[in-house]
Asker: 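I'd like to ask some things about the structure below.
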Amino acid sequence: MGPNADNEGSDSFDWDTEDEQEFMLPSSASPRCFGNGNVVCSDEASSSNGISISHFVGMGFSRDMVCKAIDENGGEGNSTAIVETLLTYSALEKSPSETEHVACGGQQFVSDISSSESAGDFLDDFSDEDYLGSEDNDETLSEMDKNLKQLVDMGYPAAEAAIAMERCGQDASIDVLTDFMCAAQTAKEADAQLEELPRFGFNEGERRNYFDGDSGKKKRFYSDNNWERKRQKQRERRRNSDEEVDSTIIPNPMIGFGIPAEPWRRHQRTLPNEVIGPPYFYYENVALAPKGVWSRISSYLYEIKPEFVDSKYFSAAARKRGYIHNLPISNRYPLLPIPPQTIHEALPMTKKWWPSWDSRTKLNCLQTCLASAKLTDRLRKAVADYHNDPPITIQKYVMEQCRKWNLVWVGKNKLAPLEPDEIESLLGFPKNHTRGISRTERLKGLGNSFQVDTVAYHLSVLKEMFPGGITVLSLFSGIGGAEVALHRLGIPLKTVVSVEKSETSTNILHNWWQSTHQKGNLIHIDDVTKLDADKLEQLINSFGGFDLVIGGSPCNNLAGSNRHTRDGLAGEHSSLFYDYFRILNQVKLIMGN
DNA sequence: CGAATTATGATTGAGGTG
DNA sequence: CACCTCAATCATAATTCG
């Protein structure tokens, strides 16, 4: 009946080595900026797994740095380790001063992007005068490395040590550095009170203590030695690790700069001058990413703070996402018709079988996998034994599984996962949008997509700006959430350059393009890493520039559902964010000329 | 061999309790 | 403040099926 309560004490933990590695992850570093095509070293031979020096150079690191990082990691095999090494170097070189003011009812943004020494500068407005690491010869670097290592050995987080070294100068003594960090620490502790925001009554906090001897897997863990040790280590790490380098605050309620239901909430923001469009850009990823990820993404995208929005305010299913963009935020309007807002409205057939003790009105996030038939059958058996409502412990267990797997009631005591066409509808896509490919592929494509109504609400401000239509660079297009959103807004698509690796997703977008009788051009490119400055310049010359650069880079190394490779931004796929950043910069640069 | 099926926790943060 | 409960989460990998 209950979930398998096993694996107590079966895992062995090796925290000692892991802690060291995590310290090496700085949580803030400034991006390198790009010049013209001369940064692209096309003569580089790719290694067997397709990762080359130019791949890392493309992320914005200098060539020297890349070579050194590859050497340190014993060749090009371990790209994740190389990226982390590079990010550490970046933190050593420079860390952005995180000045930030929060005005009442709005936010102000202060940019602090400096150009670097690498290959041409892309922002003429900024000078190099406050940049100190103009020639990072090996001796300087290794000296700084030595200091960093010593500080880390003393127990300081690498990120703070790197910041201290940057602030105090390269040849500051260890004493000076520790003093600096001590002062910074106390300042931050005193700074740790800023929290307001009203709360909504969406989830009534009905918390009961439940003591279930059978299905209770938790109580027993508390007396487990490994478990205790692990929790202790976690607490220690939490105290030690970068106290407040991650300044990202996820708002509650998660409504960003406003939702259609509350147009009276007024927000204002000030963007840095160099990102006031065009070109407009729109970047998306999961809101609940590992610590520090959003502040890093933000530091690359001109220090613009993400707009966190949960799609449950636009549809019957939740979808917590962060959006960084330079779009205006006033006079937004929702896509019509307004989609069903509750489970019963979206799936009327379920109403008949819905038990009174299932209090859900919204579905959770639509993911890429569905519950197994064995699980739903176990749940059916757990509930079917009772004439009336099952006991509270059974209810708890069933509800937990329902929430985890987004199950709905489709018969007496019968639960089932959603069908692909239901997911299409909940995400705002037309019926049969993904039809024609395998069920597994459909679920994957849909699970990785935008919620169309949510994105369209943000993009709606483009309509009056581009009455004649727009030219779009769509990165990581997937099944075409951005295209569908723009089309449903009635914004003509003059040209869409779509970059997408998956062939099945590409076909879906292509089919949609034809079936909606688009007048414009749809151009496909299959690899973001191959979209270099030359290619961009060629495209921009052909179409007169891009009005919008839109895309959400891979989230699978950030998403909470990933048990195996939740490696953060440095992960194999999620690191493609740096290509979004690179391409956006190159577009801005080329269009600026 | 592609498609379908199934099992597989950890990391966060909010909020309660003593 | 220490400690706990509760909740959410754009997935991966191994295996089986047809």
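None of the values given here were measured: they were computed from a predicted structure. Order of the sequence lines fixes the chain letters, A, B, ..., with proteins taken first and strands second; residue numbering starts at 1 for each chain.
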Asker: Does A/Ala371 or A/Pro290 map to a spot on DNA chain B nearer the 5' end, using the closest nucleotide for each?
Answerer: A/Ala371
Asker: With both distances kept under 3.5 Å, what pairs with B/dG9, Watson-Crick or G-U wobble?
Answerer: none
Asker: Nearest of C/dC10, B/dT12, C/dT9 to any side-chain atom of A/Asn448?
Answerer: C/dC10
Asker: Hydrogens and angles aside, do A/Thr504 and A/Ser502 bring a side-chain donor and acceptor to less than 3.5 Å of each other?
Answerer: yes
Asker: What integer number of Å spans the C1' atoms of C/dA7 and B/dG9?
Answerer: 15 Å
Asker: In whole angstroms, how far is the C1' atom of B/dT12 from the CG atom of A/Leu558?
Answerer: 13 Å
Asker: With a 4.0 Å cut-off, would you call A/Asp526 and A/Lys501 a salt bridge?
Answerer: no
Asker: Among C/dT12, C/dA7, B/dT5, find the nucleotide with the atom closest to the side chain of A/Thr565.
Answerer: C/dT12
Asker: With a non-hydrogen cut-off below 4.0 angstrom, is A/Cys365 in contact with a base, only sugar-phosphate, or nothing?
Answerer: sugar-phosphate
Asker: For the side chain of A/His564, counting heavy atoms from C-beta on, which of C/dC10, B/dT11, C/dA13 is nearest?
Answerer: C/dA13
Asker: Just how far, in rounded Å, is C1' of C/dC6 from NZ of A/Lys396?
Answerer: 7 Å
Asker: Have a look at A/Ala373 and say if it touches a base, only the backbone sugar-phosphate, or nothing, with a 4.0 Å heavy-atom cut-off.
Answerer: sugar-phosphate
Asker: OP1 or OP2 of C/dA11 less than 4.0 angstrom from a side-chain nitrogen or oxygen of A/Thr368, does that happen here?
Answerer: yes
Asker: Contact class for A/Glu441 vs. all strands (heavy atom < 4.0 Å): base, sugar-phosphate, or nothing?
Answerer: nothing
Asker: Could you say whether A/Cys369 or A/Arg403 is positioned toward the 5' end of DNA chain C, judged by the nucleotide with the nearest heavy atom to each?
Answerer: A/Arg403
Asker: Expressed in angstrom and rounded to an integer, what is the separation of A/Phe308 atom CZ from C/dA8 atom C1'?
Answerer: 15 Å
Asker: Taking 4.0 Å as the cut-off, does a side-chain nitrogen or oxygen of A/Arg378 come that near to OP1 or OP2 on B/dA7?
Answerer: yes
Asker: Taking the ring centre of each residue, are A/Tyr300 and A/Tyr578 less than 6.0 Å apart?
Answerer: yes
Asker: If you look at every strand shown and take non-hydrogen atoms under 4.0 Å, does A/Ser553 touch a base, only sugar-phosphate, or nothing?
Answerer: base
Asker: Is there a donor-acceptor contact under 3.5 Å linking the side chains of A/Gln341 and A/Ser315?
Answerer: no
Asker: A/Gln367 CD to C/dA8 P: how many Å, rounded?
Answerer: 12 Å
Asker: Between A/Thr454 and A/Ser311, is any side-chain donor less than 3.5 angstrom from a side-chain acceptor?
Answerer: yes
Asker: Just the rounded figure in Å: distance from C1' of B/dA14 to CD1 of A/Ile250.
Answerer: 12 Å
Asker: For A/Ala289 and A/Arg563, take the nucleotide of DNA chain B holding the closest heavy atom to each; which residue's nucleotide lies nearer the 5' end?
Answerer: A/Arg563
Asker: Is A/Lys404 close enough to B/dG9 that one of its side-chain N or O atoms is under 4.0 Å from OP1 or OP2 there?
Answerer: no
Asker: What's the gap between B/dA7 and C/dT9 when it is taken at their P atoms, as a whole Å value?
Answerer: 22 Å
Asker: It should be established whether A/Asn252 places a side-chain nitrogen or oxygen under 4.0 Å from OP1 or OP2 of nucleotide B/dA14.
Answerer: no
Asker: For A/Arg435, does the CZ atom have more than 12 heavy-atom neighbours from other residues, nucleotides or ligands under 6.0 Å away?
Answerer: no
Asker: With a 4.0 Å cutoff (strictly under), does any side-chain N or O of A/Ser438 reach OP1 or OP2 of B/dA4?
Answerer: yes
Asker: Look at the side-chain N and O atoms of A/Thr440 and state whether any lies under 4.0 Å from the OP1 or OP2 oxygen of B/dA3.
Answerer: no
Asker: Which of parallel (below 30°), tilted (30 to 60°) and perpendicular (above 60°) describes A/His458 and A/Tyr282?
Answerer: tilted
Asker: Taking atom C1' of B/dT12 as reference, at what distance in whole Å does atom CG of A/Leu288 sit?
Answerer: 7 Å
Asker: Looking at A/Ser561, does any N or O in its side chain come under 4.0 Å of the phosphate oxygens OP1/OP2 on C/dA11?
Answerer: yes
Asker: CG of A/Asn364 versus C1' of C/dT9: gap in Å, rounded?
Answerer: 8 Å
Asker: Nearest to the side chain of A/Glu284, which nucleotide is it out of B/dG13, C/dC10, C/dT12?
Answerer: C/dC10
Asker: Which nucleotide sits closest to the side chain of A/Lys374: C/dT9, B/dT6, B/dG9?
Answerer: B/dT6
Asker: Is the base of C/dC6 touched by the side chain of A/Glu400 through a donor-acceptor pair closer than 3.5 angstrom?
Answerer: no
Asker: So, OP1 or OP2 of C/dC10: does either fall under 4.0 Å of a side-chain N or O from A/Arg319?
Answerer: no
Asker: Taking any strand in view, what nucleotide pairs with C/dC10 in a Watson-Crick or G-U wobble way, both distances under 3.5 Å?
Answerer: none
Asker: Specify the separation, in whole Å, of atom NZ of A/Lys320 and atom P of B/dA14.
Answerer: 13 Å
Asker: If you only use heavy atoms from C-beta on, which nucleotide in C/dT9, C/dC10, B/dT8 is closest to the side chain of A/Ala318?
Answerer: C/dT9
Asker: Report the residue from A/Ser449, A/Ser498, A/Ser505 that forms a side-chain hydrogen bond (donor to acceptor under 3.5 Å, both in side chains) with A/Ser477.
Answerer: A/Ser498
Asker: Tell me what A/Arg321 touches on the nucleic acid: a base, only sugar-phosphate, or nothing, going by heavy atoms under 4.0 Å.
Answerer: base
